[in-house]
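In what follows, a structure is listed as structure tokens, so that the remarks can point back to it.
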2 protein chains.
Amino acid sequence: MYERKILPNLNCGLDLIGEVLYGKWKIRLLWFINEGHKRPSELQRKIPDATRRVLNIQLKELEEHELVIRKIYPVVPPKVEYSLTEFGKTLVPVITALGNWGDENEERLRKVILQRLNPENH
Amino acid sequence: MYERKILPNLNCGLDLIGEVLYGKWKIRLLWFINEGHKRPSELQRKIPDATRRVLNIQLKELEEHELVIRKIYPVVPPKVEYSLTEFGKTLVPVITALGNWGDENEERLRKVILQRLNPENH
DNA sequence: TCAATAGGGGAAAAATTTATCCCTACGTGA
DNA sequence: TCACGTAGGGATAAATTTTTCCCCTATTGA
């Protein structure tokens with residue numbers, strides 16, 4: 001595993017939440033787990049743009065940060081289910097607020113984001 | 001400037017807000033600008049762990065995403081002031097929600113984050 | 001003249017995160 | 001036997017972000 005060389009800042013609430021939510025797919029993972037998509041393969045189907053590998057890595061971080069729990073059923077073929085911890089559940093309203101703002105401003109956001117990506121379309 | 005090779009996903013609200021808020025210092029920049037710290041040098045003093053360079057880069061992105069405006073006063077020595085656009089102001093409650101969650105769970109977050117950074121302290 | 005403050009940016013290195021590729025294990029159904 | 005589904009991980013490459021270093025303009029004060 002990669003070992004950080006620069007320690008993160010943990011000064012304020014924004015630093016702290018950033019530390020656990022920063023990761024390309026983490027918020028979406030929490031979201032889908034909250035919606036009831038618990039198994040790794042389900043999550044991978046829900047987030048097809050991410051590879052299995054990254055999802056596993058980010059799920060493990062979420063688990064280490066105590067936002068999700070991983071339950072392993074000793075059956076064959078293997079079965080694993082993730083769910084939000086009580087702590088993780090307290091994040092749901094925050095994620096909802098993020099998603100709502102994005103949805104409410106969808107058009108404008110899409111415009112400014114694409115504008116910045118393709119500066120030629122002045 | 002770096003040019004992306006992989007296009008971002010812009011499917012849902014979470015993708016969209018992620019695209020404009022992703023960046024190590026962006027949320028803090030918005031926060032301090034909202035609090036009235038408008039000049040680049042003030043922001044640099046407020047966020048001493050970031051270099052001038054990154055702050056400039058991220059401020060420019062925030063500007064291109066229409067979350068902040070940059071006003072240049074034609075005086076010597078130069079004077080520049082950032083402020084939130086109306087659009088940017090609509091993000092304030094969302095950022096507040098993030099910061100509050102982090103503040104409310106400060107102890108626990110600090111614990112789990114440090115635990116993961118130094119696994120030897122089992 | 002030198003240092004400090006104000007604002008900025010290019011180039012390259014370093015850090016960090018994601019993606020790619022390949023491998024393990026077991027059981028089921030064709 | 002072969003392919004597929006389930007779950008997961010190591011090694012390495014590629015992408016992306018952030019840092020470092022250096023340079024420019026102009027004024028003020030020591």
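Residue numbers start from 1 in every chain, and the chains themselves are labelled A, B, ... in the order their sequence lines are given, proteins ahead of strands. Source: prediction; values computed, not measured.
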Taken to the nearest whole Å, CD/Q44(B) to C1'/dA4(C) is 15 Å

Would you say dG7(C) has OP1 or OP2 under 4.0 Å from some side-chain N or O of Y82(B)?
-> no

What does Y73(A) touch in the nucleic acid at a heavy-atom separation under 4.0 angstrom: a base, only the sugar-phosphate, or nothing?
-> nothing

Should D49(B) and N11(A) count as side-chain neighbours, where that means a heavy-atom distance under 4.5 Å?
-> yes

So E106(B) and R110(B), salt bridge (Lys or Arg N to Asp or Glu O under 4.0 Å) or not? Walk me through it.
-> CA-CA 6 Å; E106(B) 179 178 347; R110(B) 213 179 286 281; 2.6 Å; yes

To the nearest Å, how far apart are D49(A) CG and dA19(C) P?
-> 9 Å

Under 4.0 angstrom between K5(B) side-chain N/O and dA15(D) OP1 or OP2 | yes

Scan Q58(A) against the nucleic acid and name what it touches under 4.0 Å (heavy atoms): base, sugar-phosphate only, or nothing.
-> sugar-phosphate

Over how many whole Å does the gap from E61(B) atom CD to dT18(D) atom P extend?
-> 8 Å

Can you list the steps and then say if E19(B) with R4(B) is a salt bridge (Lys or Arg N to Asp or Glu O under 4.0 Å)?
-> CA-CA 13 Å; E19(B) 197 57 29; R4(B) 278 171 187 272; 2.6 Å; yes

Nucleotide dT16(D), atom C1' - distance to OH of Y22(B) in whole Å | 11 Å

Using atom CG of L21(B) as one end and atom C1' of dT17(D) as the other, report the distance to the nearest whole Å.
-> 16 Å

Mind calculating the distance between CG (L7(A)) and P (dT18(D)) to the nearest angstrom?
-> 17 Å

Out of dT18(C), dG8(D), dT16(C), which has the shortest distance to the side chain of R4(A)?
-> dT16(C)

5'-most contact on DNA chain D (nearest-nucleotide basis), I6(A) vs E3(B), goes to E3(B)

Nucleotide dT19(D), atom P - distance to CG of N56(B) in whole Å | 13 Å

By nearest-nucleotide position on DNA chain C, the 5'-leaning member of K60(B) and R45(B) is R45(B)

Determine the contact category for V54(B): base if any of its heavy atoms lies under 4.0 Å from a base atom, sugar-phosphate if only primed atoms, P, OP1 or OP2 are that close, otherwise nothing.
-> base

Is there a donor on the side chain of R53(A) or the base of dG10(D) sitting less than 3.5 Å from an acceptor on the other?
-> yes

Determine, for E64(B) against R116(A), whether the closest basic-nitrogen to carboxylate-oxygen distance falls under 4.0 angstrom.
-> yes

Closest to the K24(A) side chain, choosing from dG5(D), dA15(D), dT18(C) = dT18(C)

Does E86(A) come within less than 4.0 Å of K89(A), counting only side-chain N to carboxylate O?
-> yes

With respect to the phosphate group of dG7(C), does any side-chain polar atom (N or O) of S41(B) fall under 4.0 Å of OP1 or OP2?
-> yes

Once you round it to whole Å, what is the distance between C1' of dA15(C) and OH of Y2(A)?
-> 4 Å

Reckon R52(B) touches a base, only the sugar-phosphate, or nothing at all at heavy-atom distances under 4.0 Å?
-> base

